[in-house]
Amino acid sequence: TLLYTIKFERVVDTFTQDTRMDDIPRYVSTMVSEKMSVVFSVRNEPSALVKALTPFQKNCINLTHIESRPLAEDTSKYKFLVNLEIGHEEDEKRFQTAISELKEISDKDCVKVLSRRDVLDVAHKDDEVPWFPIKIAELDRFASQILSYGADLDADHPGFTDDVYRKRRKIFADIAYNYKHGEPIPAVEYNEAELKTWSTVFTKLSTLFETHACKEFRNVWPLLVQNCNYNKDNIPQLQQVSQFLKDCTGFTLRPVAGLLSSRDFLAGLAFRVFHSTQYIRHGANPFYTPEPDVCHELIGHVPMFCDPEFAAFSQEIGMASLGAPDDWIEKLATLYWFTIEFGVCREDGALKAYGAGCLSSIEELQNCVCDASKKLPFEVPEIAVTKYPITTIQPVYFVAPSFGEAKRKVREYSSQIPRAFTARYNPYTQSVELINKRSNCVKMIRDLASEMKTLEDAVNKLED
């Protein structure tokens, strides 16, 4: 039996009267089920709905939700959003058959599939777009899609045999797992051992920043000391730091329970959201951690996210990842590694670190600016395919002349990503807008014209 709910609404909370067919991906991504969604249009005629749903019913595809509304640009057609579940290989075969039959009923170009699966493993991959969040609240979905839970430690982890440490890790992981967008990040009371580890790392690194860190980092560091209680005897709370970050560049922190996939992590950057851990490395070796911890996040990442140009560069990589094929996600993740994590730039002729992996590791920070380590020019195509170790000192660093130049090169490179739309971030609604039709472009031009008018007014006043 096919069970579904149908809604025919001209103006509802989800769809507005101004919505056009080209806006549909925005709504698919906000309502997509755990598996996948299909968007299509059919002519408004007797039995049209029955015909459209027949391929799914015939092939035993379980639909979990259906929505529809008239097309704004063609009232003779209706557009449909269908959420469904694909459970195993046999379901996949029936689904592909249903899609082929649906294309015979609907316009072929108007049938679009959105999915979180590996697009490269799908036979009809040209019809399938990897799912990506459109609204910032959709980042909540990543909480249940972590690759490893924060309390799960490998046998070679320094804290593997420490029961107290493992219990503490689970507490931090549970906080993140239950967190929802819009809530204040729960405060954590760190124990004596954790504070000692923080103090050891903080004290040693602080002596190197003046000579090894870039000026953007050095400019922000005293502000964090003043506004977020950064000092050797206190581990700052994520909520306080997140609010300060937001005031600086619009970036915010969000607790994470474990490792995210590259696609999910980069998607967060598109919304100027950084997924941050709250747990700290094991005290047995305070100068080494096999995975990101609160020292890495608060000492390495946060100061740089306070810089407007660096924040924009980070978001640029995140925006490029939205809807990108899996091979491009790997390239973008590699770019992230050699810039935001292990980036080095020139400052008055001297090498300085701006990557969080360098700035939060004593050995890495000393290695990245010394003459002995290997340095290469910042050429994005080469960087994107360079292999790198994740548990040892980096064997090579790519030196950028400036953040602005790095951002320009990344943007040029990401323009090659094969996707049928361009995306932009709307900071007022904290959502991603798709620029894939003329109407979208016209709206963007109007917004830019308004900004240019404001700029013109400001310049005229300066001239006076």
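Computed from heavy atoms alone, side chains included, the values below leave out hydrogens, waters and symmetry copies.
With E183 contributing its side chain and K180 its backbone, the two residues share a donor-acceptor pair below 3.5 Å. The main-chain N or O of V273 is never found under 3.5 Å from a side-chain atom of T252 such that the two would form a donor-acceptor pair. Q315 contributes no side-chain N or O that, together with a main-chain N or O of A311, makes up a donor-acceptor pair within less than 3.5 Å. A donor-acceptor pair under 3.5 Å is absent between the side-chain atoms of E216 and the main chain of M304, judged by distance alone. At distances below 3.5 Å, at least one donor-acceptor pair connects side-chain atoms of T386 with backbone N or O atoms of E382. Within the 3.5 Å criterion, the main-chain N or O of I280 finds no donor-acceptor partner in the side chain of D293. Judged by distance alone, the side chain of R94 and the main-chain N or O of F56 form no donor-acceptor pair under 3.5 Å. Put simply, the side chain of T392 never gets that close to the backbone of P389: no donor and acceptor are under 3.5 Å apart. At distances below 3.5 Å, not a single donor-acceptor pair connects side-chain atoms of S361 with backbone N or O atoms of C358.
In this structure, a donor-acceptor pair under 3.5 Å is absent between the side chains of Q416 and W328. Side-chain contact check for E138 and H181: no donor-acceptor pair (N or O, by modelled atom type) lies under 3.5 Å. Looking only at atom types and distance, the side chain of Q243 has a donor-acceptor partner in the side chain of D247 under 3.5 Å away.
Counting non-hydrogen atoms of other residues, nucleotides and ligands closer than 6.0 Å to CD of E363 gives a total of 12 or fewer. In R419, the CZ atom is crowded: over 12 heavy atoms of neighbouring residues, nucleotides or ligands sit closer than 6.0 Å. Within 6.0 Å of the CG atom in L448, the count of heavy atoms belonging to other residues, nucleotides or ligands exceeds 12. Residue K375 places its NZ atom among more than 12 non-hydrogen atoms of other residues, nucleotides or ligands, all under 6.0 Å distant.
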- Query: Going through the checks in order, is the side-chain hydrogen bond (donor to acceptor under 3.5 Å, both in side chains) test met by Y397 and N367?
  - Reply: CA-CA 10 Å; Y397 304 90; N367 184 67; 2.7 Å; yes
- Output, in order, the C-alpha distance, side-chain angles, deciding distance and verdict of side chain to side chain contact (heavy atoms under 4.5 Å, CB included) for I185 and Q278. CA-CA 10 Å; I185 303 174; Q278 276 184 299; 3.9 Å; yes
- Passes side-chain hydrogen bond (donor to acceptor under 3.5 Å, both in side chains), E341 versus Y336? Steps please. CA-CA 6 Å; E341 285 293 347; Y336 173 92; 3.3 Å; yes
- Message: Run R424 and D447 through salt bridge (Lys or Arg N to Asp or Glu O under 4.0 Å) and show every step you take.
- Response: CA-CA 12 Å; R424 70 186 289 255; D447 292 341; 3.8 Å; yes
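Within the 4.5 Å cutoff, the side chain of S100 has no heavy atoms near those of the T97 side chain. K352 places none of its side-chain heavy atoms less than 4.5 Å from the side chain of R346. For the pair L238 and S276, the minimum side-chain heavy-atom distance is below 4.5 Å. No side-chain heavy atom of F80 sits under 4.5 Å from any side-chain heavy atom of V39. At least one side-chain heavy atom of L53 sits under 4.5 Å from a side-chain heavy atom of I66. Two residues are said to be in side-chain contact when any heavy atoms from C-beta on lie closer than 4.5 Å; I435 and C441 meet this criterion. Between E330 and S262 the shortest side-chain heavy-atom distance does not fall below 4.5 Å. Residues I175 and Y179 fail the side-chain proximity criterion, which asks for heavy atoms closer than 4.5 Å.
Side-chain rings of F305 and F313 stay apart, their centers remaining 6.0 Å or farther from each other. When ring centroids are compared, Y388 and F338 come within the 6.0 Å threshold.
Salt bridge annotation for K167-D163: absent, with no cationic side-chain nitrogen under 4.0 angstrom from a carboxylate oxygen. Salt bridge status for D140 with R254: present, with a side-chain N to carboxylate O gap under 4.0 Å. By the 4.0 Å N-to-carboxylate-O rule, D174 lies too far from R169 to be salt-bridged with it. K407 has no carboxylate O lying under 4.0 Å from a charged side-chain N of E309, or vice versa, which leaves the two without a salt bridge. Taking the charged nitrogens against the carboxylate oxygens, K409 and E379 do have a contact shorter than 4.0 Å, which makes a salt bridge. The existence of a salt bridge linking D162 and R166 is excluded, since no basic side-chain nitrogen approaches an acidic carboxylate oxygen closer than 4.0 Å.
In this structure, R141 is positioned above the aromatic face of W131, its NZ or CZ under 6.0 Å from the six-membered ring centre and within 45° of the axis.
The aromatic rings of F274 and H301 sit tilted, their planes meeting at an angle between 30° and 60°.
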